[in-house]
Amino acid sequence: MARLSQYRLPHLHPLQREIAESPARYRVIAAGRRWGKTRCAAALCLQAALQHGRVFWIAPTYKIAEVGWRELKGLAQQVNATIREQDKRVTFRQSFGWIQVRSADDPQSLRGEGLNFVVFDEAAYTKEEAWTEAIRPALADRQGRALFISSPNGKNWFHRLWDYGRQGVPGWQSWQFPTASNPSIPPSEIDAARAEMFSLTFQQEFMAEFVDASGAVLKREWLATGEPAGKPAVVLGVDLALSTRTEADWTAIVAMSQELSGTIYIRDAQRLRAPFHQVLQF
């Protein structure tokens, strides 16, 4: 087992390394599934704890936190650390630092600890008050840092934090990475997912786009996957953006079928931002 002085953080791919080396106090990663958010965050947790830090790993539920906990344990086993499975806590005897996994199911239960570093795992699916009411005050006396990692979930509070970095708010830095930017994911896997998934879901889960369907006439909860019986005709609905500008508006195309029972199936949906002559070629 390695001593702390001999410990080296795990290998990070170049984009993960860019985030790890950022001096920003608050870092926000909007990234596609399997991009490597958990690995990057776990490495930074360990780094903070080895520097005498108090660290929280916060997820919407303990079930979701299990992925991060397994990653943290794997790294902690490389050094002289005490792992308490029941408490989901890792303590480093030589540095007196520690990491604890917590659930944000009850945000008020997160109060009390002064923290040096915190990770919000799947932040877009976590209650906002876990940050604003419980954790942000806990960082004050130690000038602690925070890392928010998630795939998007519409334009909620996670999007607002992500936008702080885009707007240049002091202390904030943001990134947006599609799954394909992870060098270990083969392009064929991305292509297969694109062909198999509803396009809006693909944009959110693989492209890390902030898709907001809250104001749509069709609500997400009304829709289900499946194939219509027989071979009903496919009807296209097209909302053209009649523009010749380079920064064109969005053109939306929806393919639908209807069974004799009246059930309507959304076969596919696409959107394209391009001048009109390119839309015609699509």
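Computed from heavy atoms alone, side chains included, the values below leave out hydrogens, waters and symmetry copies. What you are looking at is a predicted structure, and each value in this text was computed from that prediction instead of being measured.
- The CG atom of Leu110 sits 10.5 Å away from the NZ atom of Lys127 when rounded to the nearest 0.5 Å.
- Minimum interatomic distance between Val118 and Ile58 (heavy atoms only, all atoms of both residues): CG2-CD1, 3.6 Å.
- How far CD1 of Ile19 is from CG of Leu147: 7.5 Å, rounded to the nearest 0.5 Å.
- Using bins of under 30°, 30° to 60° and over 60° for the plane-to-plane angle, the ring pair Trp98/Phe56 lands in the tilted bin.
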Run the side-chain hydrogen bond (donor to acceptor under 3.5 Å, both in side chains) check on Glu85 and Trp69 step by step: do they pass?
CA-CA 9 Å; Glu85 185 72 40; Trp69 174 237; 2.9 Å; yes
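- In the hydrophobic cluster analysis, where Ile, Leu, Val, Met, Phe, Trp and Tyr join through side-chain heavy atoms closer than 4.5 angstrom, Leu50 is grouped together with Trp57.
- Closest non-hydrogen pair, Gln16 versus Cys40, comes out as O-SG, 3.8 Å.
- Taking all atoms of both residues into account, the shortest heavy-atom contact from Ala104 to Ala130 is CB-CB, 3.9 Å.
- The main-chain N or O of Ala208 is found under 3.5 Å from a side-chain atom of Gln176 such that the two form a donor-acceptor pair.
- Hydrophobic clustering (ILVMFWY, side-chain heavy atoms < 4.5 Å, transitive): Val169 and Leu161 are in one cluster.
- Ring-plane geometry between Trp162 and Phe210 is classed as tilted, the angle between the planes lying from 30 to 60 degrees on a 0 to 90 degree scale.
- You'll find the side chain of Ser151 reaches within 4.5 Å of the side chain of Glu122, heavy atoms only.
- Smallest separation of non-hydrogen atoms from Ala49 and Ile99: CB-CG1, 3.7 Å.
- Remark: the backbone N or O of Pro152 is not paired with any side-chain donor or acceptor of Ser150 at under 3.5 angstrom.
- Linking Ile, Leu, Val, Met, Phe, Trp and Tyr whenever their side-chain heavy atoms come within less than 4.5 Å puts Leu75 and Val119 in one cluster.
- Phe92 places a side-chain heavy atom less than 4.5 Å from the side chain of Val90.
- With sequence neighbours excluded, no residue forms a ring-ring contact (aromatic ring centres under 6.0 Å, His included) with Tyr62.
- Looking at every heavy atom in both residues, Gly144 comes nearest to Arg25 through O-NE, 2.6 Å.
- Note: Asp191 CG to Glu196 CD = 10.5 Å, rounded to the nearest 0.5 Å.
- Note that OG1 of Thr201 and CE of Met207 are 14.0 Å apart. Values are rounded to the nearest 0.5 Å.
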So Glu71 and Thr38, side-chain hydrogen bond (donor to acceptor under 3.5 Å, both in side chains) or not? Walk me through it.
CA-CA 7 Å; Glu71 191 75 42; Thr38 301; over 6 Å; no
Worked check of ring-ring contact (aromatic ring centres under 6.0 Å, His included) between Trp131 and Phe148
CA-CA 10 Å; Trp131 165 242; Phe148 304 84; 5.0 Å; yes
Kindly indicate, with the supporting measurements, whether the criterion side chain to side chain contact (heavy atoms under 4.5 Å, CB included) is fulfilled by Cys45 and Phe117.
CA-CA 7 Å; Cys45 282; Phe117 187 62; 4.0 Å; yes
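- Residues Phe177 and Ile190 do not share a hydrophobic cluster, clusters being chains of Ile/Leu/Val/Met/Phe/Trp/Tyr side chains in contact below 4.5 Å.
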Apply the test side-chain hydrogen bond (donor to acceptor under 3.5 Å, both in side chains) to residues Ser184 and Asn182: give CA-CA distance (whole Å), side-chain angles for both, the deciding distance (0.1 Å), then the verdict.
CA-CA 5 Å; Ser184 67; Asn182 180 343; 2.8 Å; yes
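- Here the CZ atom belonging to Phe206 is positioned 15.5 Å from the CH2 atom belonging to Trp35, to the nearest 0.5 angstrom.
- Taking 4.0 Å as the cut-off between side-chain N and carboxylate O, Arg27 and Glu18 do not count as a salt-bridged pair.
- Residues satisfying the ring-ring contact (aromatic ring centres under 6.0 Å, His included) test with His52, not counting sequence neighbours, are none.
- Phe158 pairs with exactly one of Thr126, Asp163, Val28, Ile149 by the side chain to side chain contact (heavy atoms under 4.5 Å, CB included) rule, that one being Val28.
- Here the side chains of Tyr26 and Leu139 are in contact, with some heavy-atom distance below 4.5 Å.
- With contacts defined as side-chain heavy-atom distances shorter than 4.5 Å, the pair Gln86/Arg84 does not qualify.
- Note on Leu44 and Leu15: same hydrophobic cluster, where clusters join Ile, Leu, Val, Met, Phe, Trp and Tyr whose side-chain heavy atoms are under 4.5 Å apart, directly or indirectly.
- Electrostatic pairing of Arg160 and Glu128 counts as a salt bridge here, judged by a charged N lying under 4.0 Å from a carboxylate O.
- Taking the side chain as every heavy atom from C-beta outward, Leu115 and Ile135 approach each other to under 4.5 Å.
- For the pair Val234 and Met256, the minimum side-chain heavy-atom distance is 4.5 Å or more.
- When all heavy atoms of Asn153 and Gln204 are compared, the closest pair comes out as CA-OE1, 3.7 Å.
- A distance-only check finds a donor-acceptor pair linking the side chain of Arg102 to the backbone of Ser109 [under 3.5 Å].
- Two residues are said to be in side-chain contact when any heavy atoms from C-beta on lie closer than 4.5 Å; Lys73 and Val101 fail this criterion.
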Pair Arg142-Glu113, salt bridge (Lys or Arg N to Asp or Glu O under 4.0 Å): steps then yes or no
CA-CA 11 Å; Arg142 295 169 176 261; Glu113 295 282 3; over 6 Å; no
Check the pair Arg54 / Asn116 against side-chain hydrogen bond (donor to acceptor under 3.5 Å, both in side chains), numbers first and verdict last.
CA-CA 5 Å; Arg54 300 176 172 185; Asn116 297 90; 5.4 Å; no
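- Distance check, rounded to the nearest 0.5 Å: CD1 of Ile185 to CZ of Arg34 gives 7.0 Å.
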